[in-house]
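What follows is a set of notes on a single structure, which appears directly below.
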Amino acid sequence: MAANNRRMSGKKGAQVGSGGQRRKGLEGKGPTPPAEMRKGHKKNRVASAKARQTARRSAPRGRGGKSTSELVVGRNPVYEALREGVPASTLYVQQFIDNDERVREALQLAAERGGINLMEAPRPELDRMTNGLNHQGLVLQVPPYEYAHPQDLADAALDDGEDPLIVALDGVTDPRNLGAVVRSVSAFGGHGVVVPERRAAGMTAGAWKTSAGTAARTPVARATNLTRALEAYKKAGIVVVGLAADGEVELGELEALGGPVAIVVGSEGKGLSRLVGETCDFRVRIPMPGGAESLNAGVAAGIVLYEAARRRA
């Protein structure tokens, strides 16, 4: 009987079919895509990363670029920044802060200037923003500075029918020196300041304060390569003058200061870098009867700018 059952079970009879539901599973899916197109594959991740880098490189940029935003931290620094006219976008005030005189003065200055957002924030949030610095309940956000292009400075002078008078800083890393130079350029009728993009001071809140408000009307340009920027000035007919303690020409003897000129000031300790020094048309020394070895960038620039303004008067 068991044998008969086995024979009967092998017979074909009416069975429930799939109704074609499995047909798609039997169909081919086409050729296997290359590894670069298969999500999760190592080559796909590499290709995606390269695409992102290419997009970043091809993205449009400003002529001189922008700096990053900056935070001024603490009651006195915030008050001084607001009083000196440092650009600001937001003033953060700690919740339940002790409302002393300095806090009231800072809030009043922010309100009087207008255009500054007032934001109340809990202390932990301010601690996070400032990486644990002693903010004393006040944090001022300074927006990114928008740099000009070096050629913009020369073009602006020529548009006004004037000979360009420009100061370039080589290796000056103290923002206060940059601010002092901006102030001197403004005082003696210069057309702007050029700083390198790397290893140099930028327009921080400290530079704004030292400029005593003149940074609002005196442009600062940023050069990707200072040597190439100076070479472009030379091709445009601008004489490039470098300040050096061992310069071949004394300041009072340099007739070129009466015409289009770019004055290059190096750092107090190292002076001009080799390539920048070789690019200069003249290397000029400032006579110092008192025997001082060097002057800081702000003072040196001010002396040469005065001499240039005197010759142009």
Side-chain angles (χ1 to χ4, degrees), residues 150 153-154 157-158 161-174 176-196 199-201 210-211 214 218-221 223 225-313:
L153 309 185
L158 296 173
E162 301 175 353
D163 287 331
L165 177 56
I166 299 165
V167 174
L169 301 182
D170 178 25
V172 175
T173 57
D174 189 341
R176 292 170 297 182
N177 271 335
L178 171 57
V181 171
V182 170
R183 188 173 182 177
S184 294
V185 169
S186 177
F188 294 111
H191 299 99
V193 181
V194 180
V195 297
R199 294 184 292 278
T210 311
S211 78
T214 58
T218 303
V220 176
N225 185 295
L226 183 59
T227 302
R228 285 203 293 266
L230 296 175
E231 289 172 346
Y233 281 158
K234 291 172 68 172
K235 290 178 181 178
I238 299 173
V239 178
V240 177
V241 175
L243 301 188
D246 59 347
E248 298 83 12
V249 184
E250 191 169 294
L251 178 62
E253 302 170 354
L254 187 64
E255 298 295 332
L257 287 176
V261 64
I263 302 161
V264 190
V265 184
S267 63
E268 185 174 351
K270 298 180 180 178
L272 300 175
S273 62
R274 181 181 61 84
L275 287 177
V276 169
E278 292 173 354
T279 305
C280 295
D281 295 302
F282 299 97
R283 294 172 71 252
V284 180
R285 66 182 185 274
I286 298 173
M288 292 182 285
E293 293 184 1
S294 64
L295 301 170
N296 70 33
V299 174
I303 292 171
V304 183
L305 285 164
Y306 167 77
E307 180 66 16
R310 185 183 70 81
R311 291 175 180 269
R312 292 161 183 247

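Side chains included, hydrogens not; waters and symmetry mates left out as well; all remaining heavy atoms used. These numbers were taken from a predicted model, which means no experiment stands behind them.
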**Prompt:** How far does CG of L230 sit from CD of E278, to the nearest 0.5 angstrom?
**Reply:** 12.5 Å

**Prompt:** With side chains defined as the heavy atoms from C-beta onward, is the minimum distance between V284 and V304 less than 4.5 Å?
**Reply:** no

**Request:** Mind checking the CD-CG spacing from E307 to L251? Nearest 0.5 Å is all I need.
**Result:** 5.0 Å

**Request:** Might you point out which heavy atoms bring I166 and A154 nearest each other, and give the distance in Å?
**Result:** CD1-N, 4.0 Å

**Item:** Pairwise side-chain contact, V261 with R312, heavy-atom cut-off 4.5 Å (strictly under)
**Value:** yes

**Item:** Close side-chain approach of V264 to V194, heavy-atom, < 4.5 Å
**Value:** no

**Request:** Decide, yes or no, whether a salt bridge links E231 with K235 under the criterion of side-chain N to carboxylate O below 4.0 Å.
**Result:** no

**Asked** Should the heavy atoms of other residues, nucleotides or ligands under 6.0 Å from CZ of R199 be counted, would the total exceed 12?
**Response** no

**Message:** For a 4.5 angstrom cut-off between non-hydrogen side-chain atoms, does L178 reach V172?
**Reply:** no

**Prompt:** Within a strict 4.5 Å, meaning less than it, do heavy atoms of the L305 and V185 side chains meet?
**Reply:** yes

**Message:** Salt bridge check, K270 against D170: does any charged N sit closer than 4.0 Å to a carboxylate O?
**Reply:** no

**Point-to-point distance, once rounded to the nearest 0.5 Å, from NE2 of H191 to CG of D163** = 8.5 Å

**Message:** How close do A157 and P164 get, counting heavy atoms only, and between which atoms?
**Reply:** CB-CA, 3.7 Å

**Prompt:** Between K234 (side chain) and D281 (backbone), is there a donor-acceptor pair under 3.5 Å?
**Reply:** no

**Fill in**
What one should report as the nearest heavy-atom pair of P150 and A221 is N-CB, 3.6 Å

**Prompt:** How long is the gap from CG on L165 to CD1 on I263, to the nearest 0.5 Å?
**Reply:** 5.0 Å

**Message:** Testing the basics here: between A297 and G266, what is the closest heavy-atom pair and its distance to 0.1 Å?
**Reply:** CB-O, 4.4 Å

**Prompt:** At their closest point, which heavy atom of A180 faces which heavy atom of G298, and how far apart are they?
**Reply:** CB-CA, 4.1 Å

**Request:** Check whether any side-chain N or O of S186 sits under 3.5 Å from a backbone N or O of V182 as a donor-acceptor pair, and report yes or no.
**Result:** no

**Note, R183 side chain near T218 side chain (heavy atom, < 4.5 Å)** = no

**Asked** Hey, are the side chains of L153 and Y233 touching, using non-hydrogen atoms and a 4.5 Å cut-off?
**Response** yes

**Item:** Any side-chain heavy-atom pair of V181 and V265 under 4.5 Å
**Value:** no

**Request:** Could you tell me which non-hydrogen atom of L272 sits nearest to which non-hydrogen atom of G242, and how far apart they are?
**Result:** CD1-CA, 3.8 Å

**Message:** Nearest 0.5 Å, please: how far is CZ in F282 from CD in E253?
**Reply:** 11.5 Å

**Item:** Atom CZ of R285: over 12 foreign heavy atoms under 6.0 Å
**Value:** yes

